[in-house]
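The structure appears below as structure tokens.
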Amino acid sequence: MRDPAIVARELLGKLVVRFLSRRVSCMIVETEAYYGPEDPASRARRGGDLAKVMAGDVGVALIFGVHGNWLLNVVAHEPDNVGAILIRACEPIEGIKVMIKNRGVNDVKSLTNGPGKLSRALAIDKRFHGLPLYTREHGLWIEYFKDVGNDEIVRSYRVGVSKDLPVKLRFYIKGNPYVSKK
DNA sequence: CGCCAGATTGACT
DNA sequence: GTCAATCTGGCGG
């Protein structure tokens, strides 16, 4: 695979699909890249199961809970390296009613504009930890949706991280109303 | 085994 | 603006 920052850029505009009673999906509009132990904000730093999955097969889900929320990551890194992409926000496409039901709110714009919200809307939890996202067998996968031009993408520093690297590792689609707010 | 911190959210003062 | 909920791994006793 490739560098997490490259993959983070390429994930924008892709579709996260969750099969519940029917297709429920949303388009990725915001991502962040995380590296291995050299990244002070990375969970791989702490070792344990998270680090193993992050260093393992690419294209699998890495689920991890913080402050009572589940965060969805996709493992991606160069050979013999460690890294993952955090899916921070997405735009509801299919099955919006299901997401509203899962989230318990009526406002579509605040349905999936944050990592924890997104996970709840798509009923994602620890069960998906370590499962591949390139097959449909587990009811959660990523597929092509549309191309996003370079002029539509903005880079910035990561959000919510106490110790960030001096590199812009957050990518989001310019002007998209579903990008998480600061 | 208890306590702490962290890639968050939302309810309450 | 403040604060607690909820989960995992590191660290100290």
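Every chain is numbered from 1 and lettered A, B, ... according to where its sequence line falls, protein lines coming before strand lines.
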Checklist entry - Which part of the nucleic acid does A/Arg120 contact within heavy-atom distance under 4.0 Å: base, sugar-phosphate only, or nothing? => result nothing

Next on the checklist: Once you apply a heavy-atom cut-off of 4.0 Å, does A/Arg43 come out as touching a base, just sugar-phosphate, or nothing?
Outcome noted: base

From [atom1] of [X] over to [atom2] of [N], roughly how many Å is that when rounded to an integer?
X: A/His129; N: C/dG9; atom1: NE2; atom2: C1'; value: 12 Å
X: A/Arg103; N: B/dT8; atom1: CZ; atom2: P; value: 15 Å
X: A/Lys109; N: B/dT9; atom1: NZ; atom2: C1'; value: 19 Å
X: A/Lys52; N: C/dG10; atom1: NZ; atom2: P; value: 11 Å
X: A/Asp39; N: B/dG6; atom1: CG; atom2: P; value: 14 Å
X: A/Asp49; N: C/dG10; atom1: CG; atom2: P; value: 10 Å
X: A/Met54; N: C/dG9; atom1: CE; atom2: C1'; value: 15 Å
X: A/Leu50; N: C/dC7; atom1: CG; atom2: P; value: 15 Å

Checklist entry - Got a sec: does the CG of A/Asn106 have more than 12 other heavy atoms crowding it under 6.0 Å? => result no

Item to check | Complement of C/dA5, any strand, by Watson-Crick or G-U distances under 3.5 angstrom | outcome: B/dT8

Checklist entry - In terms of side-chain heavy atoms, does A/Asn150 have a donor or acceptor partner in A/Arg9 at a distance below 3.5 Å? => result yes

Item to check | A/Asn113 versus A/Lys109, side-chain donor and acceptor atoms under 3.5 Å | outcome: no

Checklist entry - Minimum heavy-atom separation for A/Arg22 to A/Lys97, with atom names? => result NH2-CB, 3.9 Å

Item to check | A/Val66 side chain reached by A/Arg43 side chain, heavy atoms, under 4.5 Å | outcome: yes

Checklist entry - Taking the side chain as C-beta and beyond, is there a heavy-atom pair between A/Ile173 and A/Glu91 under 4.5 Å? => result no

Item to check | Under 4.0 Å protein heavy-atom contacts per nucleotide of nucleotides 1-6 of chain C, with B for base, S for backbone only and - for none | outcome: ----BB

Identify each atom pair where a protein N or O and an N or O of nucleotides 11-13 of chain B are less than 3.5 Å apart, giving names and distance.
none

Checklist entry - Does the pair A/Glu143/A/Arg136 count as a salt bridge with the N-to-O cut at 4.0 Å? => result yes

Item to check | Working for side chain to side chain contact (heavy atoms under 4.5 Å, CB included), residues A/His77 and A/Val82 | outcome: CA-CA 6 Å; A/His77 54 77; A/Val82 181; 5.6 Å; no

Checklist entry - Which value, in whole Å, describes the distance between the C1' atoms of nucleotides C/dG9 and B/dT9? => result 22 Å

Item to check | Gap in Å between the two P atoms, one belonging to C/dG13 and one to B/dA5, rounded | outcome: 16 Å

Checklist entry - Reckon A/Lys117 has a side-chain N or O less than 4.0 Å from the OP1 or OP2 of B/dG10? => result yes

Checklist entry - Can you tell which of A/Arg46, A/Arg158, A/Lys163 makes a salt bridge (Lys or Arg N to Asp or Glu O under 4.0 Å) with A/Asp39? => result A/Arg158

Checklist entry - Of A/Val58, A/Thr31, A/Val74, A/Ile85, which is the lone residue that meets side chain to side chain contact (heavy atoms under 4.5 Å, CB included) with A/Val7? => result A/Ile85

Next on the checklist: Taking the minimum atom-to-atom distance to the side chain of A/Phe64, which one of C/dG9, B/dT9, B/dA7 wins?
Outcome noted: B/dA7

Item to check | From B/dA5, C/dC7, B/dA7, nucleotide with atom closest to A/Trp70 side chain | outcome: C/dC7

Checklist outcome for this item: Taking for A/Val161 and for A/Ser110 the nucleotide of DNA chain B with the nearest heavy atom, the one nearer the 5' end belongs to A/Val161

